Each structure stands twice: as C-alpha cells, then as structure tokens.
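Reviewing the structure listed below.
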Amino acid sequence: MKSIAARLLVSLLFESEEELRGLLTDLHGTVGWVELRLDRMPMGLDLASILADYPALRFVAAILLQCEGGHFQGDDSARKALLQEVASAGFEVIDLPLGSGAVELPATVHRLVSWHQTDHEKSALPLRELYVQARTEAGPQGYVKLVSWADFSEQSLPAVLLQQEQADSKLLAFSQGSGGSASRILSLLAGAPWIYSCWPGANTAPGQWDYQSLLALLPENAGPSTKVLGVMGNPVEHSLSPFLWRAAFAESQYNAVYLRFPVANAATFFDYAARCGITALSVTTPWKGAAAEVASNPWESGAANFLQFENGQWIAANTDGVGALDALEDAGLPSGSRVLLLGAGGAARGVAMEALQRGYELTVAARRAEQAQQLCEACATAGASLTAGTLKDLKQSDFHAVIQATTVGSFEQPGSPTPGQTPGAGAWALDMIYHPLQTAWLRSAEAAGAIPVVGTAMLIRQMLEQLHSATGLDADFAKLNKVLHGELSSRAAVLLMGARASGKTSLGRALAAKIGWHFIDADEELERRFQRSIAAWIAEDEHSFRSAERDLLPELIALPRHVVALGGGVVESPASVQRLAMASRVVFLNCPVEILLERQQKEPRPPLCDLPLAEEIDHLLARRLPFYQECADLTLSSAADFAEIIERMISSPVLKLFPT
C-alpha cells in the first residue's frame, strides 16, 4: 500500500451485511481507514465478526441524524446509545458530536469530537474557539473534526489555516460544500491524520472526493513539502487544467497537487491563498482583471491568467497569447500573416500583445468599435501593425487567420459571434473555447474550407508555458493532447430529460451507482441553493424558477462524470434548448401518457396550468416533445424495466460511456 493510501478514509453507508462485505473486500489493502456510517445499519448485524475479517483496515464509527443530513431516524440519545453499544466491536475511533457530554467508551477506543456546519446555518463561534472546546472534550488522546461550510474556496481556507497553525496531529479541519473540496486536500497536506473520501458515485458529504480519484491525484509521500497549485474562476468545475497538470506531474513523479478553486471574492481568496501556501494559480473568468490588479508587477494588458507567489507577493503573467500563437504556428501559420482577433476581453488582450510581439499584422474586431479601439490603444507599440473594427463590418475572409476570443459559442453563451460569416478557404481558424470542443463558429469555418484549430491546442500550449514557469518541468504536447481528448470523450455528463414522473431521478440514481459516477437532481440542487421548495416556488413565481433553472444548466452540463436529472420544463427556455443540443450525452426518457398519469396520481405534483391532470400532461407533452426530440442524442422508453433501460444506456454506441 502506498504511504498516502494509509491516510485515506472511505466513508460507507450500507444496508446489508452482503453489501458491506463486498465494499470492504475491495478496500482491504487499498486504503488505511474506513468509516462505517451506521445510519441505516440492519438490526442484528455482527459487526465484531465483520471487522475482524479485515485486519488491514482501521475503523471509525459514525451516525448522522436526519436533521444533520444523515439517515438515522432516532434522536441524539439513541445515537449515543448505539455508538456505545458497538464501540467494542473493533472500532478504533467513535465519532461523537461536540457537546455530547460524558460517553463511556472502552479504553482502546478513541473519541472523535466533531462539529459540522450545514449550508443554511451560521456558526455562533469562530473556528479557533470551537477547536478549544472540542480539544477539551476530546482529551489529549482524542481526535477533533471541525467541518465548516463553503460554497466558495475563500470560505474554506480559514479551516485550512487552523489546521496549519495548530500543528495538532489528531485534528481534521476542512470544509464541506461545493467550495470545500480543495480544503480537504490542503488539510491532509497540513498534517490531518486522514482525509474523508467516498466510494465512487456514493458521496456521504457534499464536496467529498472518491478514493480512486485521490489515489490518482495525491503524490505517494504527500505532505507539508507537497507544492500546491490550482485554477481559480467562477465557475471552474468545467476546467480541464487540473487534468493536464496532474498528467504532467504523474509523468515526472513531481511532488505537487493542482486543485480547483471556485471563487466569489477574489481579494479575500488571494489573501488566504498566500497564507495557506498556494504557490501558483491559473486564472480564468471572471478574475483575470483582479489577478492583474493584485500583482506587484504592472501588467500592461490589464488581464493576467497566471499568478505565482514569490517573496511575499503575487507575480502576474498572461499565457493566453503564447498558447494561441503557438497553436496556430504549430498548424502552419506563416510569420507576418494578417490576423483578425474577434473580441476585446482579457483573453483577447493577451493574444493581441503576443501577436504584435511576434510581428503579425493584427486587426481587432469587437461588438462595438470603441471596445476594439481601446484594446488597440492599450496594446499599441512602436512599429506595430494594428487596426480596429467591428464584428459586423470586418470581412473574415480577408485574413490569413482568425482567432475567436469571445465567450460566444460556449455552453454559457451558445451561438456564433459572427452568424453567417466565417474565415475563408485555406485560412486558419482558432476558437479559444474548448467546451464544447467544436463550436458553431468553428464548424462553420471548417465547412467553408478553413483550417480548424480547436481550443484544446491553445489550452495545452499555454499550460505548458505555465508549467515550466512554476515548476521548471517540460511535458510532451502530443501525449497531453492524446490523453486530454480521451478525457473529454469519457467525462461528459449524462443528462436525463423528459416529462415529470418519467423516471429521471430513479433511473439517474441507479445509473450513477452502476457506473460509479455522481448523481445530481436539478430540482433538488435548486431547492438547496435557494432554500425554497419547488412546489411553492412554481406556485408563487414560475417565471423566476424557470430563470434559475435556465441559469443552472450550463453548470450541470459541465459536471464531469455526473448523471443529471433535469426538470421536465428545462426545454421551455430557447437558450437551454441550444445548450442541450450542443451537449453530447442527452437522453430523452419517453414515457407513455397513461403511465405518467398513473405515477402523478400516486405522487401528486404542483399543477402547472389550470387544466385537469390528464389534460395538463397531454398539453405539456405536446408543447415540449419537439424540443425533447431536438435535443436528444438517445431516446428510450421509460415504461420498460429500469434494469433493462440502464443496460441499454451503458451499452449505447451513442453515449459511449465506456471506451471500446
């Protein structure tokens, strides 16, 4: 077992001895620790016998009440009684919430005093005061676990600082929630005794890593000397940078990790990042301007996509231009060519400066002429060939190469920045967007005879520049390109759509469990984020609900290795229809009306119109069916047996869930 594997703890929920033994058999000799979540433990289970059969594993026992997000139906007194009962079964650690008071445990069993913050509650005390209380309750030999909530990374880093400052080998301080994933790694590197993880696709807490991902991510001797780098943005879940950097680290056995940091407040994040030992950051939307502002070196373009922390200050750079021009030159673009740059944002500025330094004749086109002119004035240098115009007026076929540097064409902004106009035959066409891999603009350019250069080529080239600057390492472009395209084809989310009661949630959970992916229900996620029930929301203000549903969709599409159950009305938005049409794994569950009626009569849903239920189902299906059909990559009848439907999805050559 690798040394880092001994510090991986896998948290397991189970409902039968057979299920538990199957999981433990796979984990035995692979990880060091297992937490048995006894929330749904069957009556009469002989835990002592089971644990004795897996001597290479160290065991923690824990129970979460329903009010804590768990499944235990008893109260706190019943929890303590059950934990006391099972303590002598072979557990090394028993998890008891802060404030549990005196609980008798065998002398060989350590107490773990835990505190968890949920997404809707405020902590009455600072983390340091909670630590003092918990350490007193745990005693010198006990463990302390403090878990704050973080929607964004800057909210999670105070816990990491606590972990670093206390130098307590039996402290685990990190955050749960969508912004807390990186803090789990940072806590481990700072000396936490283990890191909580899950079985693939079966997370027991928000933001949890699965143990297989951790085994692939963490260096064998991960610890205080491990270098920490990452990418910051909002959103950042879609970023492929972590995959590329990790591949480069693995190839060279470099002792470093590269993490995602979703950020809502850049200034706060920069401050904490410097104090937490994060040494380098790739910077993406919307923080390139903020990165330039925080840097100690003046950054003339006003936008930086890379920061390094050196000698107590952030140093900025912009590798967008290097990546774009290297990718075009690799594809054969001659020096001195006439280049048209579409867009005037932060990425475009970096490209403009690099193109001028390399001696290209550059024209900048933006939606408004003044935007293009402002960029030209910011980048102008003596002797540079630089002009400005508008997206509408400039003719792309007049140029040797066109670089598409706007955000139009992404899942967030579907479409083309220049509808009906493309580069000419034989010209080079680079789209800096890589998600999706081929945008509407790039498809049109290729159809017109242009030489397409996909955004991943630029992504890898600019990453190689950052990699060398931050670590001194060099990596092979061809190898990274091959593994990146394999990753892109395998990671895309499976999106389930269809009418209410068509089985999206039940099928989605079952499919995710079958293939070891994560599952997310769009309606449940909206309820969590807005703290509002869907039923009441639709009844009070359906328009704002549909807006929130539309705005969430790009984020759901970007989730890697997720099965997503979409709301039945997601196709009511034209923008959502465009986004779904661009996605590669959209499944329409086509359920007969009579079955939909039967299911909705058994489990009533809030009405969406004034019609009787049967007529409402007919009416909505008639309105939405053409859009379901337009977006679907695969259509299946959800009236069939669920196991059969899942097997058809797994074996489908359209979905390509597994490489052949």
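Just so it is clear, the model here is predicted, and its values are computed rather than measured.
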Check your understanding: Where the side chain of E310 meets the backbone of I315, is there a donor-acceptor pair that is under 3.5 Å apart?
Key -> no
Review point. Between R184 and L188, is there a donor-acceptor pair closer than 3.5 Å when you use the side chain of the first and the backbone of the second?
Key: no
Check your understanding: Should L172 and V147 count as side-chain neighbours, where that means a heavy-atom distance under 4.5 Å?
Key -> no
Review point. Salt bridge between D39 and R37, side-chain N to carboxylate O under 4.0 Å?
Key: yes
Point to revise | Contacts of E465 that satisfy side-chain hydrogen bond (donor to acceptor under 3.5 Å, both in side chains) - sequence neighbours left out | key: none
**Study point:** For Q462, the option from N305, V322, D326 that meets side chain to side chain contact (heavy atoms under 4.5 Å, CB included)
**Key:** N305
Review point. Quick one: does L112's side chain get under 4.5 Å of I94's, heavy atoms only?
Key: no
Check your understanding: Is the cationic atom of R461 (NZ for Lys, CZ for Arg) positioned less than 6.0 Å from the six-membered ring centroid of F477 and within 45 degrees of its normal?
Key -> yes
**Study point:** ring-ring contact (aromatic ring centres under 6.0 Å, His included) between F261 and F269, intermediate numbers included
**Key:** CA-CA 9 Å; F261 295 105; F269 174 74; 5.4 Å; yes
Practice item. Calculate, to the nearest 0.5 Å, the distance between atoms CG and CZ belonging to L9 and R7 respectively. Key: 12.5 Å
Exercise for review: Tell me yes or no: between the side chains of S490 and R561, is some donor less than 3.5 Å from an acceptor?
Suggested key: yes
Review point. Do L473 and H468 come within less than 4.5 Å of each other through their side chains, counting heavy atoms only?
Key: no
Check your understanding: Is the backbone N or O of S181 less than 3.5 Å from a side-chain atom of W209, with the two atoms forming a donor-acceptor pair by type?
Key -> yes
Review point. Any side-chain heavy-atom pair from L162 and Y131 closer than 4.5 angstrom?
Key: yes
Check your understanding: Looking at residues at least two apart in the chain, or sitting in another chain, which of them share a side-chain contact (heavy atoms from CB on, under 4.5 Å) with A475?
Key -> A248, L464, L467, L480
Point to revise | Whether F59 and F91 hold their rings parallel, tilted or perpendicular, with breakpoints at 30° and 60° | key: perpendicular
Practice item. Compute whether any side-chain donor of one residue and acceptor of the other, for Y272 and S156, lie under 3.5 angstrom apart. Key: no
Point to revise | Donor + acceptor pair across side chains of Q208, S11 (<3.5 Å) | key: no
**Study point:** Heavy-atom side-chain proximity of Q133 to L98 below 4.5 angstrom
**Key:** yes
Review point. Do W314 and V294 have side chains that get closer than 4.5 Å, going by heavy atoms?
Key: yes
Review point. Can we say R58 and E35 salt-bridge, meaning some charged N sits less than 4.0 Å from an Asp/Glu carboxylate O?
Key: no
Review point. Can we call the ring centroids of W194 and Y143 under 6.0 Å apart?
Key: yes
Practice item. Return yes if a side-chain donor-acceptor contact under 3.5 Å exists between H485 and T456, otherwise no. Key: yes
Check your understanding: Hey, is the main chain of L125 close enough, under 3.5 Å, to the side chain of E129 for a donor-acceptor pair?
Key -> no
Check your understanding: Less than 4.0 Å between a side-chain N and a carboxylate O, is that true for R111 and E104?
Key -> no
Check your understanding: How about D210 and S213: does a side-chain donor come under 3.5 Å of a side-chain acceptor?
Key -> yes
Check your understanding: Any donor-acceptor pair under 3.5 Å linking the side chain of Q163 with the backbone of L171?
Key -> yes
**Study point:** Pairs touching residues 243-257 that satisfy salt bridge (Lys or Arg N to Asp or Glu O under 4.0 Å), sequence neighbours left out
**Key:** E251-K479
Exercise for review: Output, in order, the C-alpha distance, side-chain angles, deciding distance and verdict of ring-ring contact (aromatic ring centres under 6.0 Å, His included) for H562 and F519.
Suggested key: CA-CA 6 Å; H562 273 68; F519 172 78; 9.2 Å; no
**Study point:** Pair E220-S3, side-chain donor/acceptor within less than 3.5 Å
**Key:** no
Check your understanding: Roughly how far, to the nearest 0.5 Å, is CG of D95 from NE2 of H110?
Key -> 14.5 Å
Point to revise | E19 side-chain N/O to E15 backbone N/O, donor-acceptor pair under 3.5 Å | key: yes
**Study point:** Side-chain H-bond candidate by donor/acceptor type, S148 with Q117, under 3.5 Å
**Key:** no
Practice item. Sort out for me which residue in I185, L189, T279 forms a side chain to side chain contact (heavy atoms under 4.5 Å, CB included) with V228. Key: L189
Review point. Should I650 and K514 count as side-chain neighbours, where that means a heavy-atom distance under 4.5 Å?
Key: yes
Point to revise | Audit row: D320, M458, side-chain contact (heavy atoms from CB on, under 4.5 Å) steps and yes/no | key: CA-CA 8 Å; D320 285 330; M458 174 199 160; 3.6 Å; yes
Review point. Tell me, do L657 and V494 make a side-chain contact under 4.5 Å, heavy atoms counted?
Key: yes
Exercise for review: Calculate, to the nearest 0.5 Å, the distance between atoms CG and CG belonging to L161 and L127 respectively.
Suggested key: 10.0 Å
Check your understanding: Is a side-chain N or O of Q313 found less than 3.5 angstrom from the main chain of N297, in a donor-acceptor match?
Key -> no
Review point. For A56, does its backbone N or O pair with a side-chain atom of H28 as donor and acceptor, under 3.5 Å?
Key: yes
Review point. Quick one: does R79's side chain have a donor or acceptor within less than 3.5 Å of a partner on I63's backbone?
Key: yes
Review point. Where the side chain of K227 meets the backbone of V257, is there a donor-acceptor pair that is under 3.5 Å apart?
Key: no
